[in-house]
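Everything on this sheet refers to the single structure shown next.
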Amino acid sequence: MTMRKTIPKKFFVLGLFFVVLLLLAVSPLYASRYTVVFLTTVFMYVVLTVSWTLFSGPTGYISLAAAAFFGAGVYTSALLGFVLPLPALIISGGLASSCLALLVGSLTLRLKGIYFVMFTFGLVELLLHFVLWWEINITGTTGRVVPSAGNTTVFHLMLTVLVVLILTASFIKHSKFGLALQSIGECEEAAAHSGVHVTAVKISTFALSAFFMGAAGALMATRWTYIDPRIAFNPV
């Protein structure tokens with residue numbers, strides 16, 4: 001009896017998800033240009049939120065470095081936008097942010113509580129002022145031009161990034177890896193004693209969440225067409 005109720009409910013939720021996804025995918029055909037741009041921005045913020053939740057939700061580590069990873073993706077677009085096709089550019093932005101997260105996570109994910117929070121917020125300010133200093137003193141310019149992509153193209157690609165992120169988060173939540181993340185959030189010492197490689201799990205999840213933030217940044221930069229450090233690494 002329970003099985004009969006559970007299966008239709010799962011199919012209903014899955015069917016509803018695909019219907020909503022289809023309606024969103026075809027919305028540029030009937031929606032105004034303003035609505036398309038607005039929905040793209042909404043998708044971007046949802047990507048950033050779900051990416052943040054992917055790591056901070058189960059582990060309890062409060063990261064304020066989202067702007068740093070987003071900005072790394074933005075500047076990847078500025079540097080490689082005229083060289084790479086758009087799909088490769090999005091992946092490159094994600095990989096750049098993921099590599100930054102691997103480095104930062106290896107150094108800081110042994111910290112706990114307010115110390116980790118303070119470091120991640122300081123990372124945003126550090127990157128902002130370093131890139132600003134670099135552009136003023138080394139390149140002699142402030143800001144860069146990014147090749148523009150159409151609003152509809154950016155809309156569909158941002159929606160694609162969001163769907164991939166949701167599927168990834170759902171897969172992790174129902175996997176042994178997700179169980180390990182939850183055990184870390186409950187008690188790191190107990191998780192370590194039960195065989196979980198706590199540091200490796202935290203760092204890999206931190207890097208995975210940063211990948212989607214960077215991908216969103218790289219894609220969003222093609223809609224802005226011009227970026228500078230204060231735009232890319234804006235913590236607000």
Side-chain angles (χ1 to χ4, degrees), residues 41 44-57 59-81 84 89-146 161 165 184 188 198-236:
T41 304
M44 179 197 74
Y45 280 112
V46 175
V47 168
L48 293 178
T49 302
V50 177
S51 299
W52 183 89
T53 306
L54 186 66
F55 169 75
S56 295
T59 63
Y61 280 72
I62 306 301
S63 170
L64 299 181
F69 302 137
F70 182 83
V74 169
Y75 260 84
T76 300
S77 264
L79 295 173
L80 302 178
L84 298 177
L89 187 63
I90 296 170
I91 295 173
S92 297
L95 290 175
S97 299
S98 190
C99 290
L100 176 62
L102 281 174
L103 176 62
V104 173
S106 299
L107 296 173
T108 64
L109 277 173
R110 292 174 178 82
L111 300 173
K112 295 181 181 180
I114 191 63
Y115 302 105
F116 180 74
V117 176
M118 290 171 62
F119 186 92
T120 53
F121 181 75
L123 176 66
V124 179
E125 293 297 314
L126 174 65
L127 287 176
L128 190 159
H129 291 288
F130 173 76
V131 175
L132 190 61
W133 173 86
W134 180 273
E135 291 199 335
I136 292 174
N137 294 281
I138 305 300
T139 64
T141 59
T142 303
R144 295 174 181 270
V145 176
V146 183
V161 172
L165 173 58
I184 291 172
E188 284 194 27
V198 173
T199 303
V201 170
K202 289 190 295 185
I203 293 174
S204 58
T205 311
F206 194 53
L208 180 62
S209 67
F211 176 87
F212 290 100
M213 295 178 186
L219 181 55
M220 205 63 180
T222 63
R223 206 194 76 184
W224 291 336
T225 68
Y226 171 83
I227 58 99
D228 64 34
R230 293 184 179 87
I231 294 173
F233 299 102
N234 184 2
V236 180

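When F116, Y115, F119 are each tested for a ring pair (Phe, Tyr, Trp, His ring centres under 6.0 Å) with Y61, only one passes: F116.
Among residues two or more places apart in sequence or in another chain, the salt bridge (Lys or Arg N to Asp or Glu O under 4.0 Å) test is passed with E125 by none. Residues forming a ring-ring contact (aromatic ring centres under 6.0 Å, His included) with F121 (at least two apart in sequence, or on another chain): none. Every side-chain hydrogen bond (donor to acceptor under 3.5 Å, both in side chains) that T41 has, sequence neighbours left out, goes to R223.
Of all the heavy atoms in R144 and A78, the pair that sits closest is CD-CB, 3.8 Å. The shortest heavy-atom contact between S56 and S63 is OG-N, 3.5 Å. Taking each heavy atom of A65 and V124 in turn, the nearest pair found is CA-CG2, 4.0 Å. Shortest non-hydrogen contact noted between G143 and E135 is N-OE1, 2.8 Å. When all heavy atoms are compared, the tightest approach of V47 to F212 is CG1-O, 3.7 Å. F55 approaches K202 most closely through the heavy-atom pair CE1-O, 3.5 Å.
The structure places OG1 of T49 at 9.0 Å from CE of M44, a figure rounded to the nearest 0.5 Å. Between the CG atom in L95 and the OG1 atom in T76 there is a gap of 9.0 Å [rounded to 0.5 Å]. Expressed to the nearest 0.5 Å, how far CD1 of I136 lies from NE2 of H129 amounts to 11.0 Å. To the nearest 0.5 Å, atom CD1 of residue I91 and atom CG of residue L219 are 12.0 Å apart. With rounding to the nearest 0.5 angstrom, the OG atom of S51 is 8.0 Å from the CG atom of L208. Interatomic distance, L109 CG to S204 OG, rounded to the nearest 0.5 Å: 9.5 Å.
In summary, the aromatic rings of F233 and F130 are positioned with their centroids too far apart to meet the 6.0 Å limit.
A donor-acceptor pair is defined here as one N or O able to donate and one able to accept, closer than 3.5 Å; no such pair exists between the side chain of T222 and the backbone of A218. Side chain of S98 to backbone of A210: no donor-acceptor contact under 3.5 angstrom is found.
Between L123 and T108, every side-chain heavy-atom pair lies at or beyond the 4.5 Å cut-off. Using a 4.5 Å heavy-atom threshold, the side chains of Y75 and V146 count as separate. Under the 4.5 Å side-chain criterion, counting only non-hydrogen atoms from C-beta, I231 is not in contact with V74.
Annotation: W134, atom CH2; neighbour count of heavy atoms from other residues, nucleotides and ligands within 6.0 Å does not exceed 12. Counted within 6.0 Å of OH on Y226, heavy atoms from surrounding residues, nucleotides or ligands total more than 12; the atom is thus considered enclosed.
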With side-chain contact (heavy atoms from CB on, under 4.5 Å) as the test, would you mind laying out the steps for T205 and T59 before giving the verdict? CA-CA 10 Å; T205 311; T59 63; 5.8 Å; no
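The aromatic rings of F69 and F206 sit perpendicular to each other, their planes meeting at more than 60°, with 30° as the lower class boundary.
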